[in-house]
A.B. asks: 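Below: one structure in C-alpha coordinates.
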Amino acid sequence: VQLQASGGGLVQAGGSLRLSCAASGRTLSSYDMGWFRQAPGKERESVAAISRSGAITYYADSVKGRFTIGRDNAKNTVYLQMNSLKPEDSAVYYCAAGNVPTMTSSRYAYWGQGTQVTVSS
(Lines give C-alpha, C1' and ligand atoms only; values in the text may rest on other atoms or scores of the structure.)
Protein backbone atom coordinates (compact mmCIF):
# COMPACT_ATOMS: atom_id res chain seq x y z
CA VAL A 1 0.00 0.00 0.00
CA GLN A 2 1.23 3.52 -0.78
CA LEU A 3 0.41 6.32 1.63
CA GLN A 4 0.24 10.04 0.91
CA ALA A 5 -0.01 12.47 3.81
CA SER A 6 -1.26 16.00 3.22
CA GLY A 7 -2.79 18.96 4.99
CA GLY A 8 0.20 20.35 6.78
CA GLY A 9 1.07 24.01 6.83
CA LEU A 10 1.80 27.06 8.94
CA VAL A 11 -0.71 27.98 11.63
CA GLN A 12 -0.72 30.23 14.66
CA ALA A 13 -0.85 28.79 18.14
CA GLY A 14 -4.39 27.94 19.07
CA GLY A 15 -5.32 27.22 15.49
CA SER A 16 -6.36 24.01 13.80
CA LEU A 17 -5.24 21.79 10.95
CA ARG A 18 -6.60 18.60 9.51
CA LEU A 19 -4.15 16.11 8.13
CA SER A 20 -5.19 13.45 5.67
CA CYS A 21 -3.55 10.20 4.71
CA ALA A 22 -4.73 8.75 1.42
CA ALA A 23 -3.96 5.20 0.43
CA SER A 24 -3.49 3.59 -2.94
CA GLY A 25 -2.62 0.10 -4.00
CA ARG A 26 -4.73 -1.60 -1.38
CA THR A 27 -7.86 -0.75 0.51
CA LEU A 28 -7.15 1.08 3.73
CA SER A 29 -9.74 -0.94 5.61
CA SER A 30 -7.22 -3.79 5.61
CA TYR A 31 -4.91 -1.86 7.93
CA ASP A 32 -4.66 -0.39 11.35
CA MET A 33 -3.28 3.12 11.08
CA GLY A 34 -1.08 5.43 13.03
CA TRP A 35 0.15 9.01 12.99
CA PHE A 36 3.65 9.85 14.12
CA ARG A 37 5.69 13.02 14.17
CA GLN A 38 9.32 14.02 14.24
CA ALA A 39 10.70 17.43 15.08
CA PRO A 40 14.23 18.49 14.12
CA GLY A 41 16.80 16.96 16.45
CA LYS A 42 14.21 14.81 18.18
CA GLU A 43 13.21 11.21 17.91
CA ARG A 44 10.04 10.19 16.15
CA GLU A 45 7.12 10.00 18.53
CA SER A 46 3.70 8.48 18.30
CA VAL A 47 0.69 10.74 18.09
CA ALA A 48 -2.40 8.59 17.58
CA ALA A 49 -3.52 5.21 16.28
CA ILE A 50 -6.79 3.74 15.08
CA SER A 51 -7.97 0.21 14.44
CA ARG A 52 -9.12 -0.80 10.99
CA SER A 53 -12.77 -0.55 11.99
CA GLY A 54 -12.26 2.74 13.77
CA ALA A 55 -13.60 1.32 17.02
CA ILE A 56 -10.30 1.57 18.90
CA THR A 57 -8.20 4.70 19.14
CA TYR A 58 -5.09 5.63 21.08
CA TYR A 59 -3.53 9.01 21.75
CA ALA A 60 -0.28 10.30 23.14
CA ASP A 61 -0.81 12.12 26.42
CA SER A 62 0.54 15.29 24.85
CA VAL A 63 -2.30 15.47 22.33
CA LYS A 64 -5.25 13.99 24.22
CA GLY A 65 -8.23 16.27 24.13
CA ARG A 66 -6.77 18.30 21.26
CA PHE A 67 -6.26 15.80 18.43
CA THR A 68 -8.75 13.37 16.97
CA ILE A 69 -7.91 10.49 14.69
CA GLY A 70 -10.58 9.19 12.34
CA ARG A 71 -10.98 7.24 9.18
CA ASP A 72 -13.28 6.96 6.21
CA ASN A 73 -12.68 3.55 4.73
CA ALA A 74 -15.04 4.28 1.85
CA LYS A 75 -12.71 7.12 0.84
CA ASN A 76 -9.57 5.15 1.69
CA THR A 77 -8.46 7.97 3.96
CA VAL A 78 -7.38 8.47 7.54
CA TYR A 79 -7.55 11.86 9.22
CA LEU A 80 -5.90 13.65 12.10
CA GLN A 81 -7.86 16.67 13.29
CA MET A 82 -5.56 18.89 15.29
CA ASN A 83 -7.05 21.65 17.42
CA SER A 84 -5.56 24.07 19.94
CA LEU A 85 -2.20 23.68 18.30
CA LYS A 86 0.93 24.59 20.22
CA PRO A 87 4.41 25.49 18.98
CA GLU A 88 5.65 22.19 20.39
CA ASP A 89 3.37 20.38 17.95
CA SER A 90 5.59 21.59 15.10
CA ALA A 91 7.05 18.58 13.30
CA VAL A 92 6.86 16.48 10.19
CA TYR A 93 3.82 14.25 10.56
CA TYR A 94 3.78 10.78 9.09
CA CYS A 95 0.98 8.29 8.62
CA ALA A 96 1.65 4.59 8.77
CA ALA A 97 -0.22 1.36 8.08
CA GLY A 98 0.14 -1.95 9.86
CA ASN A 99 -1.62 -5.00 11.21
CA VAL A 100 -1.96 -3.97 14.83
CA PRO A 101 -3.47 -0.77 16.27
CA THR A 102 -0.52 0.38 18.31
CA MET A 103 1.53 3.42 19.27
CA THR A 104 4.74 1.49 18.56
CA SER A 105 6.25 2.67 15.31
CA SER A 106 8.17 -0.53 14.66
CA ARG A 107 4.88 -2.40 14.24
CA TYR A 108 4.01 -0.41 11.14
CA ALA A 109 5.22 -1.73 7.80
CA TYR A 110 4.14 1.08 5.48
CA TRP A 111 4.86 4.78 5.80
CA GLY A 112 3.85 7.91 3.97
CA GLN A 113 6.29 10.66 3.04
CA GLY A 114 5.32 13.13 5.76
CA THR A 115 3.74 16.55 5.85
CA GLN A 116 5.20 19.56 7.67
CA VAL A 117 3.25 21.23 10.43
CA THR A 118 4.58 24.50 11.80
CA VAL A 119 2.88 26.28 14.68
CA SER A 120 3.97 29.84 15.34
CA SER A 121 3.74 31.41 18.77
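For clarity, every value in this text was computed on a predicted model and none was experimentally measured. We count residues from 1, following the sequence as given.
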A.B. asks: Should Tyr31 and Tyr108 be marked as a ring-ring contact (aromatic ring centres under 6.0 Å, His included) after you check the CA-CA gap, both sets of side-chain angles, and the distance that decides it?
C.D. replies: CA-CA 10 Å; Tyr31 298 97; Tyr108 289 91; 9.9 Å; no
A.B. asks: Using a strict threshold of under 4.0 Å (side-chain N to carboxylate O), is an ion pair present between Arg37 and Asp89?
C.D. replies: yes
A.B. asks: Is it true that Leu28 and Tyr93 fall in one hydrophobic cluster, defined by side-chain heavy atoms closer than 4.5 Å?
C.D. replies: yes
A.B. asks: Under 3.5 Å, is there a donor-acceptor pair between the Thr104 and Ser106 side chains?
C.D. replies: no
A.B. asks: Is the count of non-hydrogen atoms from other residues, nucleotides or ligands lying under 6.0 Å from Arg44 atom CZ greater than 12?
C.D. replies: yes
A.B. asks: Does any N or O in the side chain of Gln113 come within less than 3.5 Å of the main-chain N or O of Ala5, such that one atom is a donor and the other an acceptor?
C.D. replies: yes
A.B. asks: Testing the basics here: between Ala49 and Thr102, what is the closest heavy-atom pair and its distance to 0.1 Å?
C.D. replies: CB-O, 3.4 Å
A.B. asks: Going only through I, L, V, M, F, W and Y residues with side-chain contacts under 4.5 Å, is there a path from Tyr59 to Val119?
C.D. replies: yes
A.B. asks: In this structure, would Tyr58 and Ile69 fall into the same cluster of hydrophobic residues linked by side-chain contacts under 4.5 Å?
C.D. replies: no
A.B. asks: Between CD of Gln116 and OG of Ser90, what distance do you get to the nearest 0.5 Å?
C.D. replies: 7.5 Å
A.B. asks: For the rings on Phe67 and Trp35, is their centre-to-centre separation under 6.0 Å?
C.D. replies: no
A.B. asks: Quick check for you: to the nearest 0.5 Å, what is the distance between Thr27 atom OG1 and Asn73 atom CG?
C.D. replies: 6.5 Å
A.B. asks: With a 4.5 Å heavy-atom cut-off, do Ser24 and Gln4 have their side chains touching?
C.D. replies: no
A.B. asks: Among Thr115, Leu10, Leu80, Leu85, which one satisfies side-chain contact (heavy atoms from CB on, under 4.5 Å) with Leu17?
C.D. replies: Leu85
A.B. asks: Taking Leu3 as the starting point, is it possible to reach Val78 by hopping between hydrophobic residues whose side chains are less than 4.5 Å apart?
C.D. replies: yes
A.B. asks: Are Met103 and Val63 linked, directly or through intermediate hydrophobic residues, by side-chain heavy-atom contacts shorter than 4.5 Å (ILVMFWY only)?
C.D. replies: no
A.B. asks: Without swapping roles, check the side chain of Arg66 against the backbone of Ser84 for a donor-acceptor pair under 3.5 Å.
C.D. replies: yes
A.B. asks: Tell me the closest heavy-atom pair linking Ser121 and Ala13, and the distance in Å.
C.D. replies: CA-CB, 4.3 Å
A.B. asks: Grab the two heavy atoms, one from Gly112 and one from Tyr94, that are nearest each other, plus how far apart they are.
C.D. replies: O-CD2, 3.6 Å
A.B. asks: Which atoms form the tightest heavy-atom contact between Ser30 and Asn99, and what is the distance?
C.D. replies: O-OD1, 4.3 Å
A.B. asks: Hey, is the main chain of Thr77 close enough, under 3.5 Å, to the side chain of Asp72 for a donor-acceptor pair?
C.D. replies: no
A.B. asks: How many angstroms lie between atom CE of Met33 and atom OG1 of Thr57, to the nearest 0.5 angstrom?
C.D. replies: 14.5 Å
A.B. asks: How close do Val1 and Ala97 get, heavy atom to heavy atom, and via which atoms?
C.D. replies: CG1-CB, 4.3 Å
A.B. asks: For the residue pair Arg71 and Tyr79, would you count it as a cation-pi contact if the rule is NZ or CZ under 6.0 angstrom from the ring centre and within 45 degrees of the ring axis?
C.D. replies: no
A.B. asks: Keeping the roles fixed (side chain from Asn76, backbone from Ala22), state whether a donor-acceptor pair exists under 3.5 Å.
C.D. replies: no
A.B. asks: Judged by atom type as modelled, is there a donor-acceptor pair below 3.5 Å linking the side chain of Asn83 to the main-chain atoms of Ser16?
C.D. replies: no
